[in-house]
Number of protein chains: 2
Amino acid sequence: MQIKKYTDYGLRTLIYLGIRSPGSVVTINEICDAYDIPRNHLNKVIHQLGKEGFIRTKRGKNGGFSLAAPPHEIRLDHVIRRLEGDTPWVNCHSPTCTIEPACELQHILAEGKRAFYQFLSNYTLASIIGNKAQLERIFTTNTL
Amino acid sequence: MQIKKYTDYGLRTLIYLGIRSPGSVVTINEICDAYDIPRNHLNKVIHQLGKEGFIRTKRGKNGGFSLAAPPHEIRLDHVIRRLEGDTPWVNCHSPTCTIEPACELQHILAEGKRAFYQFLSNYTLASIIGNKAQLERIFTTNTL
DNA sequence: TCTGTATATGCATTAATAATGCATCTTATA
DNA sequence: TATAAGATGCATTATTAATGCATATACAGA
């Protein structure tokens, strides 16, 4: 039980964008350098973030991506649900569990998952950007 | 984001014990046959269930294990927390994330995890045993 | 229109971790 | 003391996530 690095990278990207002035465009390479994470993986994350509508991506020269909405409008539950994939937290099939029809576990876990995401729905990208000034400092220090 | 088979097997074992008369002793082989799951893995699950105090195990001839408490007293959050392992749902180290000190993600996710387990704390082994008669039927049919 | 720079896409490979298998030890009891 | 049960440790396999690599596509500006 742990979110994937994939999801983690997506959130870090949003944080990086979130402390920028609205509409400012950054590239995948810039994020990779900032966090020292592999380009190939991030590539796919950025792509999905674009497809899901969290960021706007633009190809070609002077291309890159930027937030599609202000940080306080990007909800954590939405981002994590999408990046993480919204599958059940218990797998009653493959292989099929014989008691499945008489077992309430899957339903209770599904509700538990709902409780988790409902809690997260109270938070946005703005919520996880704790100390904006400190974040800016970290990034500029790393880049130099 | 999915519970491990390990945890799943543990819960299935408790369900199997839960529909038995109190104190009745079963063996690892019996559980393996009932669910068609590998003995080696279940071995370790049973061992931990014993260590954690959910079941009482007994070695040697005529040995086996039984529930250490009635089903309605065995809380789901306790069982899953123990079997699943209670580690953070995001890993800010290995490798260390540079923005960790300025990032609220880990704290919010920790609270989200808390919300999940708090929800589960309303349920017990008795809760996931939906249809006791049907369960009994499934097991006797499988055994024949 | 050509060239360079950016994301998009698919497939191959590696890494991490869970699951399983195997061997053997320990304990209890008939 | 033989047998049947769980306990334990290590080896192997399977699964899935992560990473690497190659190349396509799009866009901007010279």
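These figures come from a predicted structure and were not determined experimentally. Per chain, numbering begins at 1; letters A, B, ... match sequence-line order.
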Tell me yes or no: between the side chains of A/Arg20 and A/Tyr16, is some donor less than 3.5 Å from an acceptor?
yes

Whole angstrom value for the distance that separates P of D/dA4 from CD1 of B/Ile46:
20 Å

Within residues 50-66 of chain A, those residues having any heavy atom closer than 4.0 Å to DNA chain C are A/Thr57, A/Lys58, A/Arg59, A/Gly60, A/Lys61, A/Gly64, A/Phe65

How many whole angstroms separate atom CG of A/Asn29 from atom C1' of C/dT7?
11 Å

Give every residue pair that meets the side chain to side chain donor-acceptor pair (under 3.5 Å) criterion with at least one member in residues 83-97 of chain A, sequence neighbours excluded.
A/Thr7-A/Glu84, A/Arg81-A/Asp86, A/Asp86-A/Lys113, A/Asn91-A/Ser94, A/His93-A/Glu100

The side-chain hydrogen bond (donor to acceptor under 3.5 Å, both in side chains) partners of B/Asn131 (sequence neighbours excluded) come to B/Gln134

Testing the 3.5 Å rule here: is there a donor-acceptor pair between the side chains of B/Gln48 and B/Tyr6?
yes

Can you give me every donor-acceptor pair (side chain of residues 53-65 of chain B, partner residue at least two apart or in another chain, under 3.5 Å) with its distance?
none

Check the phosphate of D/dG6 against B/His47, side-chain N and O only, distance under 4.0 Å to OP1 or OP2. Yes or no?
no

May I have the distance from B/Asn43 (atom CG) to C/dC22 (atom C1'), rounded to whole angstrom?
12 Å

Taken to the nearest whole Å, CD1/B/Ile37 to P/C/dG21 is 12 Å

Please list each protein N or O that sits under 3.5 Å from an N or O in nucleotides 15-19 of chain C, with the distance.
from, atom 1, to, atom 2, distance (Å)
C/dA19, OP1, B/Lys5, N, 2.4

To the nearest 0.5 Å, atom CD1 of B/Ile138 lies from atom SG of A/Cys97 at 8.5 Å

Taken to the nearest whole Å, CZ/A/Arg39 to P/C/dT9 is 14 Å

In whole angstroms, the gap separating P of D/dA5 from CD1 of B/Ile31 amounts to 13 Å

May I have all residue pairs that pass salt bridge (charged side-chain N to carboxylate O under 4.0 Å, His left out) and include part of residues 62-76 of chain B, sequence neighbours excluded?
B/Arg75-B/Asp77

Gap between atoms CD and C1', on B/Gln48 and D/dT8 respectively (whole Å):
14 Å

Count the heavy atoms of every other residue, nucleotide or ligand shown that sit under 6.0 Å from CZ of B/Arg39, and state whether that count exceeds 12.
yes

Rounded to whole angstroms, how far apart are CG on A/Leu42 and P on D/dT19?
10 Å

For B/Phe139 and B/Tyr35, run side-chain contact (heavy atoms from CB on, under 4.5 Å): C-alpha distance rounded to whole Å, both residues' side-chain angles, the deciding distance at 0.1 Å, then the answer.
CA-CA 9 Å; B/Phe139 289 130; B/Tyr35 291 110; 3.3 Å; yes

